[in-house]
Amino acid sequence: MMAINRPKGTNDILPQDMRVWHAIEQNIRDICQVYGYEEIRTPIFEHTELFQRGVGETSDIVEKEMYTFHDKGNRSITLRPEGTASVVRAFVESRNFAEAQPIKYYYQGPMFRYARPQAGRFRQFHQFGVEAFGTQDPLIDAEVIHLCMRFFYGLGLKNLQLHINSVGCKTCRPIHKEALKDYLRPSYDALCETCQNRFESNPLRIFDCKNESCQKIVKNAPTITSCLCEDCKNHLEELEGILKTSGVDYVLDEHLVRGLDYYTKTAFEIMVSDIGAQSSIGGGGRYDSLVEEVGGPDMPGIGFAIGLERTIKALEAQGVLAWKKEKTKVFVACVSSLEKRDAYQLLLQLRGANIASEMDVMDRSLKAQFKYANKQNFSYVITVGEEEIAHNRFALKNMQDGTENQLSTKEIIDLLKEESTC
RNA sequence: GUGGGUGUAGUUCAAAGGUAGAGCACCAGAUUGUGGUUCUGGGUGUUGUGGGUUCGAGUCCCAUCAUCCACCCCA
């Protein structure tokens, strides 16, 4: 029979990898609780229109990276390529915008984008993100950035680079767009093909282009930062002030432009080296008109998304594996198959007392059982033999220091219970 | 969507046209009922798949699939 393997760009998270994921998920819950963000879970597929409207028609995600299909009712459905649009939709649909503000959510789960996989890029990947609705106060921008950095530092990551910029708002963005186009127009022919297409639809993205000739042209172009309206300028300055007084290292990156169309004012991105060419590990920004575009009230919002696979890759590259410690577990070995039933009764009692325990099911020799227990990192081995059964006292061996004692079932349970709870 | 690299044992990798191998892992044993070290034994394989060249192909050629890396873009 031909073996079937996983679809391109997907990953199995195997039992041996699960520790890291659990640690990360726990870290997410802990931090979000401290910062007052509540979890929200939305479907992993939505009406295609949500992303077209929310993420934006001119973004690469919508243009060429969506997993879109028609269901049996002939509805156009898309596997979510990112989290914000869905969260905003749920926020609006549930009418939660009528609750006391600000309203702060976090989410975590798989996202889907159709692109060629490479180091740090997959077709199914996981993001952790937060969204805060209801206020334009730069303090909340700072809070979101703090939370984001705290997540990374909480895991033990180092060498992160935080880039910050403002991409303006409805008032100043069109002014900058015209100024930029005026500046670029004489050099239009020297732009690369994609940038020529961007010229009309989304000239801001030309700043992102890695093409040498485009970079040369754009080098002295008017940046959005230099064209900000009074409101946006103050907002950015205030945010910078808060970050400085709270000791957050950042770089003001006037060329930082985010790929999603909904961003306004604050945009930020976190980079880390050593995870391949895809050095962005998280990013986010403000989206003050997205809620309204999705059909809700005129309400500002800000959030970020972090790539969990990239986070794990960075953790591996930096050798951070602080959660290696295993919990106490016990192996019940029997001298011969004659004691199997008695051993199983003992196992039941241990498990009844919530002590993690297992026994041999491979009919292995006693020696082989010890070898196995050692290999699998069991902290204790209890030996069940003729003698033990007769006296109702079992040999409990500590696999760390090699000591062994004859104890009653009750003594064993009391001892192990204490150990497994600390 | 574009370009490049790589496919041999569970895994990491050898075999430069002539009988598919090694380390690690795994399994068993080294006289009484006890692990880690050591020693001995065991190869666990459709050389990704399908064609072609050749007396002979893991090796050369073509196709195909998978995977990795980079571009694009992003997390």
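Below, chains carry the letters A, B, ... as their sequence lines are ordered, and counting in each starts from 1. Worth knowing before you read on, the calculation uses all heavy atoms, side chains too, and leaves out hydrogens, waters and symmetry mates. Here the structure is a predicted model, which means the values were calculated and not measured.
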When we call it a touch if two heavy atoms are under 4.0 Å apart, what does [X] touch: a base, just sugar-phosphate, or nothing?
| X | value |
| --- | --- |
| Q400(A) | base |
| A305(A) | sugar-phosphate |
| E404(A) | base |
| F122(A) | base |

Query raised in the report: Where the side chain of D12(A) meets the backbone of L14(A), is there a donor-acceptor pair that is under 3.5 Å apart?
Result: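 Here the side-chain-to-backbone pair does not exist.
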Query raised in the report: Among P300(A), C232(A), P138(A), C172(A), which one satisfies side-chain contact (heavy atoms from CB on, under 4.5 Å) with K265(A)?
Result: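 The passing option is C232(A).
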Measure from the side-chain heavy atoms of [X] and tell me the nearest of [options].
| X | options | value |
| --- | --- | --- |
| F125(A) | G36(B), A75(B), C69(B) | A75(B) |
| R113(A) | C69(B), U2(B), A75(B) | A75(B) |
| K375(A) | C26(B), G35(B), A28(B) | C26(B) |
| L366(A) | G33(B), G36(B), A75(B) | G33(B) |
| N374(A) | A25(B), A28(B), G36(B) | G36(B) |
| R116(A) | G36(B), C27(B), G3(B) | G3(B) |

Report task. Check whether the ring centres of F331(A) and Y372(A) lie less than 6.0 Å apart, and answer yes or no. Result ->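 Here the rings of Y372(A) and F331(A) have centres that are less than 6.0 Å from each other.
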Given atom [atom1] of [X] and atom [atom2] of [N], what is their separation to the nearest angstrom?
| X | N | atom1 | atom2 | answer |
| --- | --- | --- | --- | --- |
| R123(A) | C74(B) | CZ | C1' | 15 Å |
| K367(A) | U38(B) | NZ | C1' | 12 Å |
| D12(A) | U67(B) | CG | P | 12 Å |

Query raised in the report: Partner of G7(B) by Watson-Crick or G-U wobble geometry, both contacts under 3.5 Å, or none?
Result: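 In the structure as shown, G7(B) has C65(B) as its Watson-Crick or wobble partner.
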Query raised in the report: Is it true that D363(A) and K340(A) have a side-chain N and a carboxylate O under 4.0 angstrom from each other?
Result: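 So D363(A) pairs with K340(A) through a salt bridge.
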Requested in this report: Could you tell me whether the side chain of E387(A) reaches within less than 4.5 Å of the side chain of R393(A), counting heavy atoms only?
Outcome: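 Of all side-chain heavy-atom pairs linking E387(A) with R393(A), none is under 4.5 Å.
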Requested in this report: Name the residue closer to the 5' end of RNA chain B, choosing between E269(A) and F378(A) according to the nucleotide with the nearest heavy atom.
Outcome: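 Nearest nucleotide further toward 5': that of F378(A).
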Query raised in the report: Of E388(A) and Y114(A), whose closest RNA chain B nucleotide lies nearer the 5' terminus?
Result: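 So the residue in question is Y114(A).
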